[in-house]
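A short write-up of the structure that comes next.
Residue numbers begin at 1 in each chain, while the letters A, B, ... track the order of the sequences. Since the model is a prediction, treat every value here as computed from it, not as a measurement. All values below come from the heavy atoms of this structure, side chains included, with hydrogens, waters and symmetry mates left out.
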There are 2 protein chains.
Amino acid sequence: MSQRPLDDASSSILAAAREILAAEGQAALTVRRIAAGAGGSTMNVYSRFGGKDGVIDALLIEGFEHLTAAIRAVRTTKSPLADLLRCGVAYRTFALDHQAHYELMFDRVVPGYVMSERAHVTAAAALGTMADRVQVAMDAGLIRRGDTVATATVLWSACHGPVSLEMKGVGPPSTDWAEVNRQLMAAAVAGLSAGQRR
Amino acid sequence: MSQRPLDDASSSILAAAREILAAEGQAALTVRRIAAGAGGSTMNVYSRFGGKDGVIDALLIEGFEHLTAAIRAVRTTKSPLADLLRCGVAYRTFALDHQAHYELMFDRVVPGYVMSERAHVTAAAALGTMADRVQVAMDAGLIRRGDTVATATVLWSACHGPVSLEMKGVGPPSTDWAEVNRQLMAAAVAGLSAGQRR
DNA sequence: CCGTTACGATAACACTGTTATCACCACGTC
DNA sequence: GACGTGGTGATAACAGTGTTATCGTAACGG
(Lines give C-alpha, C1' and ligand atoms only; values in the text may rest on other atoms or scores of the structure.)
Protein backbone atom coordinates (compact mmCIF):
# COMPACT_ATOMS: atom_id res chain seq x y z
CA MET A 1 0.00 0.00 0.00
CA SER A 2 2.75 2.40 0.96
CA GLN A 3 5.07 3.71 -1.66
CA ARG A 4 8.06 1.74 -0.46
CA PRO A 5 8.60 -0.61 2.45
CA LEU A 6 9.70 1.17 5.60
CA ASP A 7 12.74 0.08 7.55
CA ASP A 8 12.28 -1.01 11.13
CA ALA A 9 13.05 2.35 12.64
CA SER A 10 10.60 4.16 10.39
CA SER A 11 7.80 1.71 10.97
CA SER A 12 8.30 1.75 14.72
CA ILE A 13 8.17 5.53 14.68
CA LEU A 14 4.96 5.39 12.72
CA ALA A 15 3.56 2.74 15.04
CA ALA A 16 4.38 4.84 18.09
CA ALA A 17 2.78 7.89 16.53
CA ARG A 18 -0.32 5.90 15.61
CA GLU A 19 -0.61 4.57 19.12
CA ILE A 20 -0.19 7.94 20.81
CA LEU A 21 -2.71 9.51 18.46
CA ALA A 22 -5.32 6.84 19.10
CA ALA A 23 -4.74 6.72 22.84
CA GLU A 24 -4.31 10.37 23.77
CA GLY A 25 -5.35 12.43 20.79
CA GLN A 26 -3.42 14.70 18.55
CA ALA A 27 -2.43 17.15 21.29
CA ALA A 28 -0.16 14.47 22.78
CA LEU A 29 1.46 13.84 19.43
CA THR A 30 4.79 15.56 20.00
CA VAL A 31 8.10 14.73 18.37
CA ARG A 32 9.67 13.84 21.71
CA ARG A 33 6.81 11.52 22.64
CA ILE A 34 6.95 9.81 19.26
CA ALA A 35 10.71 9.36 19.47
CA ALA A 36 10.51 8.04 23.01
CA GLY A 37 7.72 5.67 22.06
CA ALA A 38 9.78 4.35 19.19
CA GLY A 39 12.79 3.90 21.47
CA GLY A 40 14.94 6.35 19.53
CA SER A 41 15.81 9.99 19.61
CA THR A 42 14.10 12.97 18.06
CA MET A 43 16.68 13.07 15.29
CA ASN A 44 15.30 9.79 14.01
CA VAL A 45 12.01 11.46 13.29
CA TYR A 46 13.73 14.19 11.35
CA SER A 47 16.06 11.95 9.34
CA ARG A 48 13.27 9.49 8.52
CA PHE A 49 10.26 11.76 8.05
CA GLY A 50 11.72 15.24 7.69
CA GLY A 51 9.93 16.48 10.80
CA LYS A 52 6.59 16.27 12.49
CA ASP A 53 4.72 17.12 9.32
CA GLY A 54 6.10 14.03 7.65
CA VAL A 55 4.72 11.80 10.39
CA ILE A 56 1.37 13.59 10.24
CA ASP A 57 1.34 13.08 6.51
CA ALA A 58 2.01 9.36 6.86
CA LEU A 59 -0.75 8.98 9.44
CA LEU A 60 -3.10 10.98 7.23
CA ILE A 61 -2.42 8.71 4.29
CA GLU A 62 -3.04 5.67 6.47
CA GLY A 63 -6.32 7.21 7.54
CA PHE A 64 -7.53 7.79 4.00
CA GLU A 65 -6.53 4.27 3.07
CA HIS A 66 -8.58 2.93 5.95
CA LEU A 67 -11.51 5.10 4.96
CA THR A 68 -11.27 3.79 1.42
CA ALA A 69 -11.28 0.26 2.77
CA ALA A 70 -14.27 1.01 4.96
CA ILE A 71 -16.28 2.32 2.02
CA ARG A 72 -15.17 -0.56 -0.15
CA ALA A 73 -16.16 -3.02 2.56
CA VAL A 74 -19.81 -1.99 2.34
CA ARG A 75 -21.44 -4.93 0.65
CA THR A 76 -22.88 -4.49 -2.79
CA THR A 77 -26.48 -5.60 -3.15
CA LYS A 78 -29.07 -5.40 -5.87
CA SER A 79 -30.09 -2.01 -4.54
CA PRO A 80 -27.31 0.52 -5.29
CA LEU A 81 -29.24 3.30 -3.58
CA ALA A 82 -29.44 1.34 -0.33
CA ASP A 83 -25.73 0.60 -0.73
CA LEU A 84 -25.00 4.32 -0.88
CA LEU A 85 -27.00 4.88 2.29
CA ARG A 86 -25.02 2.15 4.04
CA CYS A 87 -21.86 3.91 2.91
CA GLY A 88 -23.03 6.89 4.91
CA VAL A 89 -23.40 4.74 7.98
CA ALA A 90 -19.99 3.17 7.40
CA TYR A 91 -18.49 6.62 7.01
CA ARG A 92 -19.87 7.76 10.35
CA THR A 93 -18.79 4.54 12.04
CA PHE A 94 -15.27 4.97 10.73
CA ALA A 95 -15.13 8.58 11.91
CA LEU A 96 -16.36 7.78 15.40
CA ASP A 97 -14.10 4.76 15.74
CA HIS A 98 -11.03 6.74 14.71
CA GLN A 99 -11.85 10.21 15.96
CA ALA A 100 -8.29 11.42 16.35
CA HIS A 101 -7.39 10.11 12.93
CA TYR A 102 -10.46 11.73 11.42
CA GLU A 103 -9.61 15.09 12.95
CA LEU A 104 -6.14 14.79 11.52
CA MET A 105 -7.59 14.13 8.10
CA PHE A 106 -10.27 16.81 7.99
CA ASP A 107 -9.24 19.53 10.39
CA ARG A 108 -6.11 21.50 9.84
CA VAL A 109 -5.29 21.02 13.45
CA VAL A 110 -1.51 21.09 13.10
CA PRO A 111 -0.61 24.72 12.46
CA GLY A 112 1.91 24.66 9.64
CA TYR A 113 0.99 21.35 8.08
CA VAL A 114 -0.07 21.15 4.46
CA MET A 115 -1.01 17.92 2.75
CA SER A 116 1.65 16.40 0.53
CA GLU A 117 0.96 15.45 -3.06
CA ARG A 118 0.73 11.82 -2.08
CA ALA A 119 -1.76 12.62 0.65
CA HIS A 120 -3.94 14.44 -1.85
CA VAL A 121 -3.79 11.48 -4.19
CA THR A 122 -4.79 9.11 -1.41
CA ALA A 123 -7.67 11.37 -0.42
CA ALA A 124 -8.77 11.50 -4.04
CA ALA A 125 -8.69 7.72 -4.13
CA ALA A 126 -11.11 7.58 -1.21
CA LEU A 127 -13.44 9.93 -3.04
CA GLY A 128 -12.96 7.78 -6.12
CA THR A 129 -14.20 4.74 -4.25
CA MET A 130 -17.39 6.61 -3.50
CA ALA A 131 -17.57 7.70 -7.12
CA ASP A 132 -17.40 4.06 -8.20
CA ARG A 133 -20.52 3.32 -6.23
CA VAL A 134 -22.17 6.37 -7.70
CA GLN A 135 -21.31 4.98 -11.13
CA VAL A 136 -23.09 1.74 -10.31
CA ALA A 137 -26.21 3.64 -9.31
CA MET A 138 -26.02 5.70 -12.49
CA ASP A 139 -25.65 2.61 -14.64
CA ALA A 140 -28.74 1.18 -12.98
CA GLY A 141 -30.57 4.35 -13.93
CA LEU A 142 -31.29 5.16 -10.30
CA ILE A 143 -29.62 8.56 -10.12
CA ARG A 144 -29.11 11.21 -12.72
CA ARG A 145 -26.15 10.76 -15.01
CA GLY A 146 -23.35 13.25 -14.61
CA ASP A 147 -19.85 13.59 -13.28
CA THR A 148 -19.48 10.77 -10.76
CA VAL A 149 -16.79 12.57 -8.75
CA ALA A 150 -18.89 15.71 -8.44
CA THR A 151 -21.84 13.64 -7.33
CA ALA A 152 -19.69 11.70 -4.90
CA THR A 153 -18.50 15.02 -3.46
CA VAL A 154 -22.08 15.94 -2.65
CA LEU A 155 -22.59 12.64 -0.84
CA TRP A 156 -19.25 13.00 0.91
CA SER A 157 -20.34 16.41 2.15
CA ALA A 158 -23.59 14.90 3.37
CA CYS A 159 -21.54 12.44 5.43
CA HIS A 160 -18.94 14.88 6.65
CA GLY A 161 -21.32 17.61 7.76
CA PRO A 162 -23.13 15.74 10.54
CA VAL A 163 -20.03 13.81 11.56
CA SER A 164 -17.98 16.97 11.90
CA LEU A 165 -20.60 18.80 13.94
CA GLU A 166 -21.13 15.73 16.09
CA MET A 167 -17.45 15.37 16.91
CA LYS A 168 -17.03 19.05 17.67
CA GLY A 169 -19.92 19.00 20.08
CA VAL A 170 -21.71 21.84 18.33
CA GLY A 171 -25.46 21.80 18.68
CA PRO A 172 -27.64 20.57 21.52
CA PRO A 173 -26.26 17.56 23.41
CA SER A 174 -29.50 15.69 22.96
CA THR A 175 -29.09 15.59 19.21
CA ASP A 176 -29.56 12.18 17.64
CA TRP A 177 -26.65 12.41 15.24
CA ALA A 178 -27.15 9.00 13.75
CA GLU A 179 -30.60 10.15 12.71
CA VAL A 180 -29.29 13.45 11.34
CA ASN A 181 -26.73 11.52 9.36
CA ARG A 182 -29.38 9.15 8.05
CA GLN A 183 -31.82 11.89 7.11
CA LEU A 184 -29.31 14.05 5.29
CA MET A 185 -27.82 11.12 3.42
CA ALA A 186 -31.28 9.88 2.45
CA ALA A 187 -32.23 13.37 1.30
CA ALA A 188 -29.05 13.71 -0.73
CA VAL A 189 -29.57 10.37 -2.46
CA ALA A 190 -33.22 11.20 -3.09
CA GLY A 191 -32.26 14.59 -4.43
CA LEU A 192 -29.89 12.99 -6.90
CA SER A 193 -32.33 10.31 -7.92
CA ALA A 194 -33.25 10.06 -11.54
CA GLY A 195 -36.89 10.91 -11.07
CA GLN A 196 -36.26 14.40 -9.77
CA ARG A 197 -35.48 17.39 -11.88
CA ARG A 198 -32.53 19.64 -11.00
CA MET B 1 -24.88 41.88 22.93
CA SER B 2 -22.03 41.06 25.27
CA GLN B 3 -22.78 40.17 28.83
CA ARG B 4 -21.37 43.38 30.24
CA PRO B 5 -19.64 46.34 28.64
CA LEU B 6 -15.92 45.87 28.33
CA ASP B 7 -13.47 48.46 29.60
CA ASP B 8 -11.08 50.05 27.13
CA ALA B 9 -8.24 47.65 27.79
CA SER B 10 -10.43 44.61 27.31
CA SER B 11 -11.99 45.84 24.12
CA SER B 12 -8.63 46.83 22.65
CA ILE B 13 -7.29 43.36 23.44
CA LEU B 14 -10.28 41.84 21.73
CA ALA B 15 -9.88 44.18 18.78
CA ALA B 16 -6.23 43.27 18.42
CA ALA B 17 -7.02 39.58 18.57
CA ARG B 18 -9.78 39.98 16.00
CA GLU B 19 -7.45 41.82 13.68
CA ILE B 20 -4.62 39.32 13.97
CA LEU B 21 -7.00 36.43 13.42
CA ALA B 22 -8.51 37.98 10.32
CA ALA B 23 -5.19 39.10 8.88
CA GLU B 24 -2.88 36.20 9.61
CA GLY B 25 -5.01 33.30 10.73
CA GLN B 26 -5.25 31.52 14.01
CA ALA B 27 -1.63 30.31 14.02
CA ALA B 28 -0.49 33.90 14.52
CA LEU B 29 -2.89 34.37 17.42
CA THR B 30 -0.43 34.24 20.31
CA VAL B 31 -0.79 35.89 23.67
CA ARG B 32 2.29 38.01 23.10
CA ARG B 33 1.08 39.20 19.72
CA ILE B 34 -2.33 40.06 21.11
CA ALA B 35 -0.83 41.96 24.04
CA ALA B 36 1.56 43.84 21.78
CA GLY B 37 -1.26 44.68 19.37
CA ALA B 38 -3.32 46.03 22.23
CA GLY B 39 -0.36 48.08 23.48
CA GLY B 40 -0.19 46.30 26.81
CA SER B 41 1.57 43.39 28.35
CA THR B 42 0.72 39.71 28.42
CA MET B 43 -0.54 40.00 31.97
CA ASN B 44 -3.39 42.15 30.70
CA VAL B 45 -4.70 39.22 28.72
CA TYR B 46 -4.61 37.01 31.79
CA SER B 47 -6.17 39.48 34.19
CA ARG B 48 -8.91 40.45 31.71
CA PHE B 49 -9.66 37.15 30.00
CA GLY B 50 -8.06 34.51 32.19
CA GLY B 51 -5.73 33.37 29.43
CA LYS B 52 -5.73 32.64 25.76
CA ASP B 53 -8.80 30.46 25.99
CA GLY B 54 -10.81 33.40 27.28
CA VAL B 55 -9.91 35.46 24.22
CA ILE B 56 -10.70 32.55 21.93
CA ASP B 57 -14.01 32.18 23.65
CA ALA B 58 -14.85 35.84 23.19
CA LEU B 59 -13.95 35.70 19.49
CA LEU B 60 -15.98 32.53 19.11
CA ILE B 61 -19.02 34.18 20.65
CA GLU B 62 -18.60 37.14 18.33
CA GLY B 63 -18.45 34.75 15.42
CA PHE B 64 -21.65 32.98 16.33
CA GLU B 65 -23.36 36.32 16.84
CA HIS B 66 -22.30 37.38 13.36
CA LEU B 67 -23.48 34.09 11.93
CA THR B 68 -26.81 34.57 13.63
CA ALA B 69 -27.04 38.04 12.14
CA ALA B 70 -26.13 36.71 8.70
CA ILE B 71 -28.90 34.12 8.82
CA ARG B 72 -31.36 36.64 10.19
CA ALA B 73 -30.42 39.08 7.44
CA VAL B 74 -31.68 36.71 4.75
CA ARG B 75 -34.84 38.34 3.57
CA THR B 76 -38.14 36.65 4.24
CA THR B 77 -40.31 36.21 1.19
CA LYS B 78 -43.54 34.44 0.44
CA SER B 79 -41.57 31.29 -0.30
CA PRO B 80 -40.12 29.93 2.96
CA LEU B 81 -38.41 27.09 1.11
CA ALA B 82 -36.55 29.49 -1.15
CA ASP B 83 -35.65 31.46 1.97
CA LEU B 84 -34.08 28.38 3.49
CA LEU B 85 -32.03 27.83 0.35
CA ARG B 86 -30.80 31.40 0.49
CA CYS B 87 -29.81 30.78 4.09
CA GLY B 88 -27.49 28.10 2.77
CA VAL B 89 -25.89 30.58 0.43
CA ALA B 90 -25.59 33.14 3.20
CA TYR B 91 -24.00 30.53 5.44
CA ARG B 92 -21.34 29.73 2.85
CA THR B 93 -20.72 33.41 2.18
CA PHE B 94 -20.23 34.06 5.86
CA ALA B 95 -17.83 31.15 6.20
CA LEU B 96 -15.71 32.17 3.22
CA ASP B 97 -15.67 35.81 4.26
CA HIS B 98 -14.53 34.96 7.78
CA GLN B 99 -12.50 31.80 7.26
CA ALA B 100 -10.30 32.14 10.31
CA HIS B 101 -13.27 32.90 12.49
CA TYR B 102 -15.17 29.97 11.06
CA GLU B 103 -12.28 27.60 11.75
CA LEU B 104 -12.17 28.88 15.30
CA MET B 105 -15.86 28.18 15.66
CA PHE B 106 -16.04 24.73 14.11
CA ASP B 107 -12.59 23.18 14.39
CA ARG B 108 -11.10 22.50 17.75
CA VAL B 109 -7.88 23.99 16.47
CA VAL B 110 -6.64 25.31 19.81
CA PRO B 111 -5.45 22.27 21.75
CA GLY B 112 -6.80 22.66 25.23
CA TYR B 113 -9.72 24.94 24.48
CA VAL B 114 -13.23 23.94 25.38
CA MET B 115 -16.26 26.09 24.73
CA SER B 116 -17.63 27.99 27.71
CA GLU B 117 -21.24 27.77 28.73
CA ARG B 118 -21.89 31.16 27.21
CA ALA B 119 -20.31 30.09 23.94
CA HIS B 120 -22.58 27.07 23.81
CA VAL B 121 -25.58 29.25 24.44
CA THR B 122 -24.57 31.63 21.65
CA ALA B 123 -24.04 28.72 19.28
CA ALA B 124 -27.45 27.36 20.22
CA ALA B 125 -28.92 30.77 19.48
CA ALA B 126 -27.53 30.64 15.96
CA LEU B 127 -29.09 27.23 15.48
CA GLY B 128 -32.28 28.64 16.95
CA THR B 129 -32.37 31.33 14.29
CA MET B 130 -32.31 28.62 11.67
CA ALA B 131 -34.98 26.74 13.60
CA ASP B 132 -37.19 29.84 13.48
CA ARG B 133 -37.09 29.77 9.70
CA VAL B 134 -37.85 26.07 9.77
CA GLN B 135 -40.87 26.88 11.92
CA VAL B 136 -42.13 29.30 9.28
CA ALA B 137 -41.84 26.63 6.61
CA MET B 138 -43.64 24.15 8.84
CA ASP B 139 -46.44 26.57 9.55
CA ALA B 140 -46.85 27.05 5.82
CA GLY B 141 -47.18 23.31 5.49
CA LEU B 142 -44.15 23.12 3.23
CA ILE B 143 -42.02 20.74 5.28
CA ARG B 144 -42.99 17.97 7.64
CA ARG B 145 -43.89 18.97 11.15
CA GLY B 146 -41.49 17.90 13.85
CA ASP B 147 -38.82 19.22 16.17
CA THR B 148 -37.63 22.44 14.57
CA VAL B 149 -34.21 22.30 16.17
CA ALA B 150 -33.59 18.76 14.97
CA THR B 151 -34.65 19.75 11.48
CA ALA B 152 -32.48 22.85 11.62
CA THR B 153 -29.55 20.64 12.61
CA VAL B 154 -29.99 18.64 9.43
CA LEU B 155 -29.93 21.82 7.35
CA TRP B 156 -26.99 23.16 9.32
CA SER B 157 -25.10 19.96 8.57
CA ALA B 158 -25.97 20.35 4.90
CA CYS B 159 -24.36 23.79 5.01
CA HIS B 160 -21.38 22.86 7.11
CA GLY B 161 -20.36 19.75 5.17
CA PRO B 162 -19.50 21.37 1.85
CA VAL B 163 -18.11 24.51 3.48
CA SER B 164 -15.82 22.52 5.72
CA LEU B 165 -14.48 20.36 2.93
CA GLU B 166 -14.05 23.38 0.70
CA MET B 167 -12.04 25.29 3.28
CA LYS B 168 -9.85 22.32 4.07
CA GLY B 169 -9.01 21.80 0.43
CA VAL B 170 -10.12 18.19 0.46
CA GLY B 171 -11.36 16.89 -2.86
CA PRO B 172 -10.32 17.80 -6.37
CA PRO B 173 -9.33 21.44 -6.87
CA SER B 174 -11.73 21.80 -9.78
CA THR B 175 -14.74 21.19 -7.54
CA ASP B 176 -17.54 23.74 -7.91
CA TRP B 177 -18.26 24.07 -4.23
CA ALA B 178 -21.01 26.62 -4.64
CA GLU B 179 -22.83 24.05 -6.74
CA VAL B 180 -22.16 21.28 -4.20
CA ASN B 181 -23.53 23.53 -1.51
CA ARG B 182 -26.59 24.37 -3.58
CA GLN B 183 -27.32 20.78 -4.52
CA LEU B 184 -27.01 19.40 -1.02
CA MET B 185 -29.07 22.17 0.50
CA ALA B 186 -31.74 21.74 -2.16
CA ALA B 187 -31.76 17.99 -1.59
CA ALA B 188 -32.04 18.44 2.15
CA VAL B 189 -34.96 20.85 1.85
CA ALA B 190 -36.64 18.58 -0.67
CA GLY B 191 -36.08 15.59 1.57
CA LEU B 192 -37.80 17.38 4.42
CA SER B 193 -40.66 18.62 2.31
CA ALA B 194 -44.13 17.70 3.35
CA GLY B 195 -44.90 15.61 0.30
CA GLN B 196 -42.21 13.05 0.92
CA ARG B 197 -42.47 10.18 3.31
CA ARG B 198 -39.64 9.49 5.80
C1' DC C 1 44.59 -1.74 11.90
C1' DC C 2 43.66 2.97 10.69
C1' DG C 3 40.95 6.91 8.36
C1' DT C 4 36.78 8.28 6.96
C1' DT C 5 32.07 8.73 6.97
C1' DA C 6 27.54 8.65 8.41
C1' DC C 7 24.37 8.21 12.11
C1' DG C 8 22.20 9.51 16.26
C1' DA C 9 21.99 11.16 21.14
C1' DT C 10 22.53 15.57 23.56
C1' DA C 11 21.99 20.03 24.03
C1' DA C 12 20.86 24.57 22.34
C1' DC C 13 17.59 27.88 19.98
C1' DA C 14 13.43 30.33 19.17
C1' DC C 15 9.09 29.96 20.06
C1' DT C 16 4.54 28.94 22.80
C1' DG C 17 1.14 29.55 27.17
C1' DT C 18 1.43 30.48 31.84
C1' DT C 19 2.98 32.14 36.31
C1' DA C 20 5.84 34.48 39.79
C1' DT C 21 8.34 38.53 41.04
C1' DC C 22 8.45 43.03 42.02
C1' DA C 23 8.70 48.08 41.00
C1' DC C 24 5.62 51.72 40.83
C1' DC C 25 1.79 54.66 41.21
C1' DA C 26 -2.63 55.95 43.20
C1' DC C 27 -5.34 56.09 47.06
C1' DG C 28 -6.69 56.37 52.13
C1' DT C 29 -5.25 57.86 56.62
C1' DC C 30 -2.93 60.45 60.23
C1' DG D 1 1.28 67.21 53.33
C1' DA D 2 3.70 62.81 54.48
C1' DC D 3 3.35 58.09 54.93
C1' DG D 4 1.72 53.26 54.68
C1' DT D 5 -0.86 50.16 51.82
C1' DG D 6 -3.05 48.23 48.06
C1' DG D 7 -3.49 46.74 43.45
C1' DT D 8 -1.93 46.99 38.67
C1' DG D 9 1.00 45.74 35.14
C1' DA D 10 5.68 45.15 32.99
C1' DT D 11 9.62 41.91 33.28
C1' DA D 12 11.44 37.80 33.60
C1' DA D 13 11.31 32.88 34.67
C1' DC D 14 9.31 28.11 33.83
C1' DA D 15 7.84 24.13 31.38
C1' DG D 16 6.61 22.87 27.16
C1' DT D 17 6.81 22.79 21.75
C1' DG D 18 9.32 22.02 16.84
C1' DT D 19 13.67 22.37 14.97
C1' DT D 20 18.66 22.53 14.36
C1' DA D 21 23.62 22.34 15.51
C1' DT D 22 27.28 19.94 17.86
C1' DC D 23 29.91 16.26 18.41
C1' DG D 24 31.06 11.51 20.08
C1' DT D 25 30.86 7.01 18.30
C1' DA D 26 30.35 3.07 15.72
C1' DA D 27 30.58 0.85 11.40
C1' DC D 28 32.71 0.34 7.04
C1' DG D 29 36.55 0.54 3.27
C1' DG D 30 41.27 0.18 2.27
Side-chain angles (χ1 to χ4, degrees), chain A residues 4-21 23-60 100 103-104 107-116 119, chain B residues 4-21 23-60 100 103-104 107-116 119:
Chain A
R4 50 185 180 198
L6 300 169
D7 59 316
D8 283 4
S10 295
S11 60
S12 73
I13 286 173
L14 209 50
R18 198 183 306 121
E19 198 164 337
I20 293 170
L21 179 66
E24 305 179 48
Q26 74 87 27
L29 203 62
T30 72
V31 176
R32 285 167 178 81
R33 284 286 310 272
I34 296 171
S41 182
T42 63
M43 274 303 295
N44 268 298
V45 176
Y46 285 87
S47 54
R48 298 297 205 290
F49 291 89
K52 188 183 182 181
D53 285 8
V55 181
I56 303 287
D57 213 61
L59 290 175
L60 198 95
E103 285 178 13
L104 219 59
D107 303 341
R108 293 285 164 274
V109 78
V110 181
Y113 169 74
V114 288
M115 285 172 73
S116 70
Chain B
R4 50 186 178 194
L6 300 169
D7 59 316
D8 284 4
S10 295
S11 60
S12 73
I13 286 173
L14 209 50
R18 198 183 306 123
E19 199 165 336
I20 293 171
L21 179 67
E24 306 178 48
Q26 75 88 26
L29 203 63
T30 72
V31 176
R32 286 168 177 80
R33 283 288 308 273
I34 296 170
S41 183
T42 63
M43 272 304 294
N44 268 299
V45 176
Y46 285 87
S47 56
R48 298 298 205 289
F49 291 89
K52 187 183 182 181
D53 285 8
V55 181
I56 303 286
D57 213 62
L59 290 176
L60 199 93
E103 285 179 13
L104 218 59
D107 302 340
R108 292 284 165 277
V109 79
V110 182
Y113 170 74
V114 288
M115 285 171 73
S116 71

| field | Per-nucleotide protein contact string for nucleotides 4-18 of chain C, where B marks a base within reach and S marks sugar-phosphate only (heavy atoms under 4.0 Å, - for neither) | value | ----SBB-B---BBB
| query | In whole Å, what is the span from the CD1 atom of A:I34 to the P atom of D:dT19? | reply | 10 Å
| note | When every non-hydrogen atom of A:L21 is compared with those of A:A100, the smallest separation belongs to O-CB, 3.3 Å
| Separation of atom CD1 in A:I13 from atom P in D:dG18, rounded to whole Å | 14 Å
| query | For A:E19, what residues pass the salt bridge (Lys or Arg N to Asp or Glu O under 4.0 Å) criterion, not counting sequence neighbours? | reply | none
| For B:A16, all residues meeting side-chain contact (heavy atoms from CB on, under 4.5 Å), sequence neighbours excluded | B:A38
| request: For the pair B:F49 and B:I56, evaluate side-chain contact (heavy atoms from CB on, under 4.5 Å) and give the outcome as yes or no after the intermediate values. | output: CA-CA 9 Å; B:F49 291 89; B:I56 303 286; over 6 Å; no
| query | Quantified as the angle between the terminal helix axes (five pairs each), what is the overall bend of the helix from C:dC1-D:dG30 to C:dC30-D:dG1 to 10 degrees? | reply | 20°
| task | Tell me, with the steps shown, if A:L59 and A:R18 meet side-chain contact (heavy atoms from CB on, under 4.5 Å). | result | CA-CA 7 Å; A:L59 290 175; A:R18 198 183 306 121; 4.0 Å; yes
| field | Heavy-atom closest pair, residues A:L60 and A:M115 | value | CD2-CG, 3.7 Å
| note | For A:D53, the salt bridge (Lys or Arg N to Asp or Glu O under 4.0 Å) test, sequence neighbours excluded, returns none
In residues 24-35 of chain A, what donor-acceptor pairs under 3.5 Å come from side-chain atoms, sequence neighbours left out?
{"unit_1": "A:E24", "atom_1": "OE1", "unit_2": "A:R33", "atom_2": "NH1", "d": "3.4"}
{"unit_1": "A:E24", "atom_1": "OE2", "unit_2": "A:R33", "atom_2": "NH2", "d": "2.7"}
{"unit_1": "A:T30", "atom_1": "OG1", "unit_2": "A:R33", "atom_2": "N", "d": "3.1"}

